[in-house]
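Below you'll find the structure I mean.
Excluded from the calculations below are hydrogen atoms, water molecules and symmetry mates; all remaining heavy atoms, backbone and side chain alike, are included. Here is how names work: the chains are called A, B, and so on, in the same order as the sequence lines, proteins then strands, and each is numbered from 1.
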Number of protein chains: 2
Amino acid sequence: MNATLTALAEPNRLRIVELLRDRPRPVGEIARRLRLRQPQVSKHLRVLSDAGLVDVRPVAQQRIYELRAEPFNELDTWLETFRRSMSDRMDRLEDLISERKAKKEREKERGD
Amino acid sequence: MNATLTALAEPNRLRIVELLRDRPRPVGEIARRLRLRQPQVSKHLRVLSDAGLVDVRPVAQQRIYELRAEPFNELDTWLETFRRSMSDRMDRLEDLISERKAKKEREKERGD
DNA sequence: CTTGAATATGCCTTGACAGGTATATTCTCC
DNA sequence: GGAGAATATACCTGTCAAGGCATATTCAAG
C-alpha cells in the first residue's frame, strides 16, 4: 500500500504509469514520448517494478513493461473504506444542515 | 492528483489519514494515539491541509482536523480509468468477446 | 567475434523533506 | 493580565532520492 503510493507520488513515474495504462511499451519508447533520459526511465521502472506495479517481458534486446492490476485493485479496496465512512459523515452533515443548526450540541461524543 | 499522492506517500501521514477516517480529531489526540510528537503532527497536518486532504475547525485552543471527500473522489475517478483499460486488456487476452457482452448487460441491470 | 542497439547500473551531486528541539502564538480561565 | 494548555512555526541536521553522466550488460546480425 505504502509502496504503491510512494511509487506513484513521483511525477515522472506517474506519467510513466499513465503512459503504460494505454498499452505495454519498451523503455526507449517511454523515454522518447516523455522526453526523459533513458537511464532515469530505467531507474523509475525499477522502482515501479520493486513496488509490484509493473511486469517486464524481454523481447530481443528490448524490455516491454506493462502494468499489473493487483496494486490498483488494492488501492481501490483501500479507497473503498474511505468512501464508506466519509459518505456516512456527509449524510450526517447534510442532516445537520437541512434540519436545525441549533442541535449542534449533540456532538458531545468527544470520547477520545 | 499528484499532491494527493505525495501527501499520502509519507507513512505517518497515511496513519494520520487513516485515523481521521473514523472521525475528526484534535492535534493532541492524534499525537498521543500515534505516539508522535506534537510539532511533527502539526507539520504533517499542514501538508495534508495544503494538499486539500483535510479541513480545520477551531474549537477554543484546539484545532479539529477532518478529512475532505474531494481528493479521495478524484483518486477514485483516476483509478477508474485504470480499472477500465486494464480489464479491457484482460478481456482481449482471454478472447471472450461474447461472454463480455453478456456480462456488461448484467452489470447494466445492476446499475453498474 | 565485432559492432551497434537497447537497457541496466554505479557514482556523484544536489535539493527536498522528515525529525528534534526551542520558541512563538492563541485561547481559556482565574 | 498572568498562567497554562493546545497548537503552530523557525531553525538545524541528517537522510534519502532524483537527475546527470559514464559505463557495464545483453542481444541480434553480419
Side-chain angles (χ1 to χ4, degrees), chain A residues 1-20 23-68 104-105 107-112, chain B residues 1-20 23-68:
Chain A
M1 180 78 265
N2 209 300
T4 301
L5 290 170
T6 303
L8 293 176
E10 211 284 326
N12 284 325
R13 232 139 44 202
L14 190 61
R15 293 172 68 205
I16 291 177
V17 166
E18 285 176 336
L19 190 58
L20 291 181
R23 67 167 83 147
R25 300 184 194 272
V27 179
E29 184 185 335
I30 299 174
R32 182 162 32 81
R33 283 186 179 263
L34 301 185
R35 314 233 170 179
L36 298 174
R37 312 193 183 251
Q38 176 266 317
Q40 335 302 338
V41 173
S42 284
K43 288 177 195 173
H44 283 312
L45 287 168
R46 179 83 147 96
V47 175
L48 291 173
S49 178
D50 287 348
L53 281 163
V54 298
D55 264 348
V56 206
R57 164 174 39 122
V59 172
Q61 337 88 299
Q62 296 194 137
R63 304 227 173 175
I64 315 293
Y65 283 83
E66 65 181 329
L67 292 185
R68 274 167 37 87
K104 249 187 349 184
E105 298 178 4
E107 301 177 357
K108 295 183 71 175
E109 33 183 357
R110 190 73 28 82
D112 199 20
Chain B
M1 178 79 265
N2 209 302
T4 300
L5 290 171
T6 302
L8 293 176
E10 210 284 326
N12 283 325
R13 232 137 48 202
L14 190 62
R15 293 172 68 205
I16 291 177
V17 166
E18 285 177 336
L19 190 58
L20 292 181
R23 67 165 86 151
R25 300 184 195 270
V27 179
E29 184 185 334
I30 299 174
R32 183 160 32 82
R33 282 188 179 263
L34 302 185
R35 315 234 169 177
L36 298 174
R37 314 194 182 249
Q38 175 266 317
Q40 334 303 337
V41 173
S42 283
K43 288 178 198 171
H44 283 311
L45 287 168
R46 178 82 149 96
V47 175
L48 291 173
S49 177
D50 287 349
L53 280 164
V54 298
D55 265 349
V56 206
R57 161 174 44 119
V59 172
Q61 336 90 298
Q62 295 195 137
R63 303 227 172 175
I64 314 292
Y65 283 83
E66 66 181 330
L67 290 185
R68 274 168 35 87

Inset, instruction - Could you run through nucleotides 20-30 of chain C and give me one letter per nucleotide, 5' to 3': B if any protein heavy atom sits under 4.0 Å from the base, S if only the sugar-phosphate is that close, - if neither? - result: BBB----BS--
Legend entry - Selection: residues 44-51 of chain A, any non-hydrogen atom under 4.0 Å of DNA chain C: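 Output list: R46(A).
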Inset, instruction - Identify, residue by residue, the members of residues 3-18 of chain B with a heavy atom below 4.0 Å from DNA chain C, and return them in order of residue number, or none. - result: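 Contacts with DNA chain C under 4.0 Å: E10(B), N12(B), R13(B).
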Inset, instruction - Using heavy atoms and a sub-4.0 Å distance, could you list which residues of residues 26-35 of chain A are near DNA chain D? By number, please. - result: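 Contacting residues: none.
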Inset, instruction - Using the salt bridge (Lys or Arg N to Asp or Glu O under 4.0 Å) rule, collect all pairs that involve residues 26-35 of chain A, keeping only residues at least two apart or in two chains. - result: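 Applying salt bridge (Lys or Arg N to Asp or Glu O under 4.0 Å) to every pair that reaches into residues 26-35 of chain A, excluding sequence neighbours, yields R25(A)-E29(A), E29(A)-R33(A).
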Legend entry - salt bridge (Lys or Arg N to Asp or Glu O under 4.0 Å) contacts touching residues 1-15 of chain B (sequence neighbours left out):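 Listed once each, the pairs would be none.
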Inset, instruction - With sequence neighbours left out, write down each residue that passes salt bridge (Lys or Arg N to Asp or Glu O under 4.0 Å) with R57(A), or none if nothing qualifies. - result: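 With neighbours one apart ignored, the set is empty.
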Legend entry - Nearest heavy-atom neighbours spanning A51(B) and A3(B):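 Taking every non-hydrogen atom into account, CB-O, 4.0 Å.
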Legend entry - Test salt bridge (Lys or Arg N to Asp or Glu O under 4.0 Å) applied to D55(A) - qualifying residues, sequence neighbours left out: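 Once residues adjacent in sequence are excluded, D55(A) has no partner under the salt bridge (Lys or Arg N to Asp or Glu O under 4.0 Å) criterion.
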Legend entry - Partner set under side-chain contact (heavy atoms from CB on, under 4.5 Å) for Q38(A), not counting sequence neighbours: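 Listed in chain order: V27(A), S42(A).
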Legend entry - Partner residues of T6(A) under the side chain to side chain donor-acceptor pair (under 3.5 Å) criterion, sequence neighbours left out: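 Side chain to side chain donor-acceptor pair (under 3.5 Å) check on T6(A) returns N2(A).
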Inset, instruction - Test side chain to side chain contact (heavy atoms under 4.5 Å, CB included) on L34(A) and V41(A) and set out the steps. - result: CA-CA 9 Å; L34(A) 301 185; V41(A) 173; over 6 Å; no
Legend entry - Which residues share a salt bridge (Lys or Arg N to Asp or Glu O under 4.0 Å) with R37(B), sequence neighbours left out: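 Testing R37(B) for salt bridge (Lys or Arg N to Asp or Glu O under 4.0 Å), a comparison that skips the adjacent residues, returns none.
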Legend entry - Set of side-chain contact (heavy atoms from CB on, under 4.5 Å) partners for T4(B), sequence neighbours left out: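 For T4(B), the residues satisfying side-chain contact (heavy atoms from CB on, under 4.5 Å) (neighbours in sequence not counted) are L8(B), L53(B), P71(B), L75(B).
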Inset, instruction - State whether Y65(A) places a side-chain N or O below 4.0 Å from either non-bridging phosphate oxygen (OP1 or OP2) of dA6(C). - result: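 False: Y65(A) side-chain N/O out of range (4.0 Å or more) of dA6(C) OP1/OP2.
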Legend entry - Y65(B) versus L20(B), closest heavy-atom pair with distance: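 Smallest interatomic distance, heavy atoms only, reads O-CD2, 3.4 Å.
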Legend entry - Sole residue of L19(A), L36(A), N12(A) in side chain to side chain contact (heavy atoms under 4.5 Å, CB included) with I30(A):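 Among the candidates, only L19(A) passes.
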